[in-house]
Amino acid sequence: MKNMEKNVLTILLALALLLAGNTEPAEGKTSGDLPFFRTSGYKGSVSLTDRLVFLGLDTSHGYMFNGHHYLGAGIGFFTAPVGEIPAFGHLYADYKAYLLKKNSTPTTGIQAGYCIAFKDLSGNAFQKAFELDPHIGWNWTFNHKVGLDLSVGASVFLYGTGPATGAKAMPKISIGIEF
């Protein structure tokens with residue numbers, strides 16, 4: 001798993017450097033100006049996630065309505081290096097609010113979607129589930145084009161029907177870049 005972690009981190013860092021082509025410092029902007037990645041229009045993000053023993057990679061793309069509200073859709077996967085636990089994939093809707101009109105601001109948001117295991121888990125755990133991920137965090141302007149985001153929250157999985165229903169929750173930490 002150590003090699004997978006190194007590969008994912010290498011990809012994230014390479015993507016951050018590629019997107020950070022303009023190294024103009026954010027301090028050069030007046031307090032009324034927002035960084036480009038928080039202006040109206042298409043925006044995206046790539047994040048490395050950690051759900052206890054599950055490591056994952058997510059990407060979300062959507063529309064920034066103003067300096068405070070983002071709505072998009074995302075896709076991702078997460079897997080664990082231990083035992084017979086398979087990889088999971090998920091599709092989700094993504095809402096995020098930037099609380100202040102500053103280069104460094106607290107954030108809050110929620111992701112809601114559908115999660116499915118890439119391998120049959122009959123009798124072991126859920127095979128597919130509705131997923132809800134509320135989170136809070138902080139966003140920093142890396143440069144005028146790219147932001148760094150750190151958030152903590154919980155992944156809640158609701159699965160099954162009738163008497164076989166259940167729920168599982170686990171903490172989630174996410175670090176990513178926004179462009």
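Start at 1 with the first residue, then count along the sequence.
- Using modelled atom types, one side-chain atom of R38 and one backbone atom of K102 make a donor-acceptor pair closer than 3.5 Å.
- Residues F77 and L57 are in side-chain contact: their nearest non-hydrogen atoms beyond the backbone lie under 4.5 Å apart.
- In terms of heavy-atom proximity, S104 sits nearest to W138 at OG-NE1, 2.6 Å.
- From S60, atom OG reaches atom CD of Q111 across 7.0 Å, with rounding to the nearest 0.5 Å.
- No continuous path of ILVMFWY side-chain contacts below 4.5 Å connects L150 to Y95, so the two sit in separate hydrophobic clusters.
- The pair D133-K172 meets the salt-bridge criterion, with a side-chain N (NZ, NE, NH1 or NH2) lying under 4.0 Å from an Asp/Glu carboxylate O.
- Formation of a donor-acceptor pair under 3.5 Å by the T105 side chain with backbone atoms of L100 is found in this model.
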- Can you check side-chain hydrogen bond (donor to acceptor under 3.5 Å, both in side chains) on Y98 and H69, steps first, answer last? CA-CA 7 Å; Y98 299 81; H69 301 285; over 6 Å; no
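- Paired with N139 under the rule side chain to side chain contact (heavy atoms under 4.5 Å, CB included), one option of L148, D149, N103 passes, and it is D149.
- Closest approach of G67 to L34, counting heavy atoms only: CA-CD1, 3.3 Å.
- Across every non-hydrogen atom of T141 and P35, the tightest pair is OG1-CG, 3.3 Å.
- The side-chain heavy atoms of L158 and F130, taken from C-beta on, include a pair separated by under 4.5 Å.
- Using a 4.5 Å heavy-atom cutoff, the side chains of I136 and V152 are in contact.
- By the rule that hydrophobic residues join a cluster once side-chain heavy atoms approach within less than 4.5 Å of another member, L48 and I173 end up as members of one cluster.
- Nearest heavy-atom pair, G76 versus D58, reported as atom, atom and distance to 0.1 Å: CA-OD1, 3.3 Å.
- Looking at H61, K43, K145 one by one, the single match for side chain to side chain contact (heavy atoms under 4.5 Å, CB included) with F179 turns out to be H61.
- Under the 4.5 Å side-chain contact rule for hydrophobic residues, L99 and Y70 do not share a cluster.
- Looking at every heavy atom in both residues, A112 comes nearest to L132 through CB-CD1, 3.8 Å.
- F37 pairs in a side chain to side chain contact (heavy atoms under 4.5 Å, CB included) with only one of the listed residues (H144, E178, M64), which is E178.
- Looking at H135 and I110, their side chains never come closer than 4.5 Å, going by heavy atoms from C-beta outward.
- R51 places no side-chain N or O within 3.5 Å of a backbone atom of M170 that could act as its donor or acceptor partner.
- In this structure, T59 contributes its side chain and S45 its backbone to a donor-acceptor pair below 3.5 Å.
- In this structure a side-chain-to-backbone donor-acceptor pair under 3.5 Å is present from S40 to F65.
- Checked against the 6.0 Å centroid threshold, F78 and H90 count as a close aromatic pair.
- The two residues F88 and C115 make their nearest non-hydrogen contact at CD2-SG, 3.8 Å.
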